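These notes are about the structure you will find just below.
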Protein chains: 2
Amino acid sequence: MNIAKRKILKAASELFLEGGIAALSVRSIAKKAGVSTIGIYSHFQGKEGILDELYIQGFELVMQAMDFERKALSAKDIMLKGVRGYFAMAEAHEGHYRLIFGENDNRYTPSEEAKAVAEKAFGQLLKVTALLLPDNASMALKQKNALEIWAFVHGYVSLKHHAVASIFETPDWYAMAEEAVSVHIDAILAKPENQP
Amino acid sequence: MNIAKRKILKAASELFLEGGIAALSVRSIAKKAGVSTIGIYSHFQGKEGILDELYIQGFELVMQAMDFERKALSAKDIMLKGVRGYFAMAEAHEGHYRLIFGENDNRYTPSEEAKAVAEKAFGQLLKVTALLLPDNASMALKQKNALEIWAFVHGYVSLKHHAVASIFETPDWYAMAEEAVSVHIDAILAKPENQP
DNA sequence: GATTGAACATAACAGTGTTATATTAAAGAA
DNA sequence: TTCTTTAATATAACACTGTTATGTTCAATC
């Protein structure tokens, strides 16, 4: 990666961290990087390319948050630790979270490369979910259960960003969310179809 | 409401239904309504006012979807019917759904009036959730459980809009979602804290 | 009828992502 | 090393965005 490309990406990442996607105009990125706007087109094929890089960063942050030492933990505890990591990431990197879940601009469509990273992240969740299921569980069953967990945790993050979140006086949104997910994991473990 | 205001709102609604928020520029709305752009500022205080009207429409659609005859249904069945209505609405009115959950433009912030309608919709969900709980359940317990259901169902809708949704070969996303929610409702009903 | 405020048309403003044009720099071939 | 081709670059222009400014017309009130 050449110097200008690196400078552009660094400038974009910094602006994004400070001000989210609203701070990311091609002129402000170019200015901060000390180059002209054309660099964004030659190196990144336009603003979409910048957004793709940030999207990929976002899912990499998701994967990192769920990457930890698993020894001596039960399957449920591994999942819950992953869920906690996911919530921590969502809170610490709100701009990235909003970008990867399309809470910014529905005109942005991730590239195939960016989508592949999203799928990889889901693959990680799938592996953790498989720990909850019998060894001979089908791929469809694993996917179904992984999606279930993801829908639940993402739902909590998304609603926290919502206008109605202010109705809740809850001291700790994510503790509440974790407890609900924990109950659901128990329900998954108790399902007849999920027995060895 | 005067004629121009009505024409503008009608034009905006039609454009929105066809092309989502991307179709809603003040010039295209004004042109379709047969007025100049200034009407959007005098009648709606700008584009935000149009978005507020559509946001309010969106939550009204949510409330309608969950409004049905409840006689002869158990508390769980009432909730599941509401969940089905919610999914049907989310599918039939994707533009509205994306708008009310911020999947469009994070520069749009709902007005106090629009937020009040969102809160009203949550109040409806709260009433249905209360049916699952003992009569003496506290407001906090009701809110917690209502949020749980909402997080789950919204999570499924949101992930259906996501790039990773294409991984799933599932014939019926929402049937799968409903089943997961049903399991969770059972888990809620089984909780010691939720017993009469 | 005169005054005031609202509604309205149009132009201009400041911003957006992108493309066009010309120039310079870098890489590859002879 | 020199020449040719390609890539990178600066700048201006384009078409679009939401909004404000300016002036005119309309409607309501006195």
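Naming convention: chains lettered A, B, ... in sequence-line order (proteins, then strands); numbering from 1 in each chain. Bear in mind that the values here come from a model prediction, so they are computed numbers and not experimental data.
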Using whole Å, report how far [atom1] of [X] lies from [atom2] of [N].
X	N	atom1	atom2	value
B:I21	D:dT17	CD1	P	13 Å
B:F44	C:dC8	CZ	P	11 Å
B:Y41	C:dA12	OH	C1'	13 Å
B:K47	C:dG15	NZ	C1'	14 Å
B:I40	D:dA21	CD1	P	18 Å
A:I3	C:dA26	CD1	P	10 Å
B:K31	D:dC16	NZ	P	10 Å

Quick one: list whatever passes side chain to side chain donor-acceptor pair (under 3.5 Å) with B:S111, sequence neighbours left out. B:D52

If the condition is side chain to side chain donor-acceptor pair (under 3.5 Å), which residues does B:E178 pass it with, not counting sequence neighbours? B:R84

Using a cut-off of 4.0 Å between protein heavy atoms and nucleotide atoms, how would you tag nucleotides 8-13 of chain D 5' to 3' with B, S and -? -BBB-B

Are the ring centres of A:F59 and B:H162 closer than 6.0 Å? yes

Taking the six-membered ring for Trp, are A:F16 and A:H96 closer than 6.0 Å centroid to centroid? yes

Would you call the rings of B:H154 and B:F101 parallel, tilted or perpendicular, where under 30° means parallel and over 60° means perpendicular? parallel

When we call it a touch if two heavy atoms are under 4.0 Å apart, what does A:I50 touch: a base, just sugar-phosphate, or nothing? nothing

Identify whether any heavy atom of A:I29 sits under 4.0 Å from a base atom; if not, whether one sits that close to sugar-phosphate; answer base, sugar-phosphate or nothing. nothing

Run the numbers on B:S42 and B:K5 for side chain to side chain donor-acceptor pair (under 3.5 Å), then give the verdict. CA-CA 9 Å; B:S42 54; B:K5 189 170 184 180; over 6 Å; no

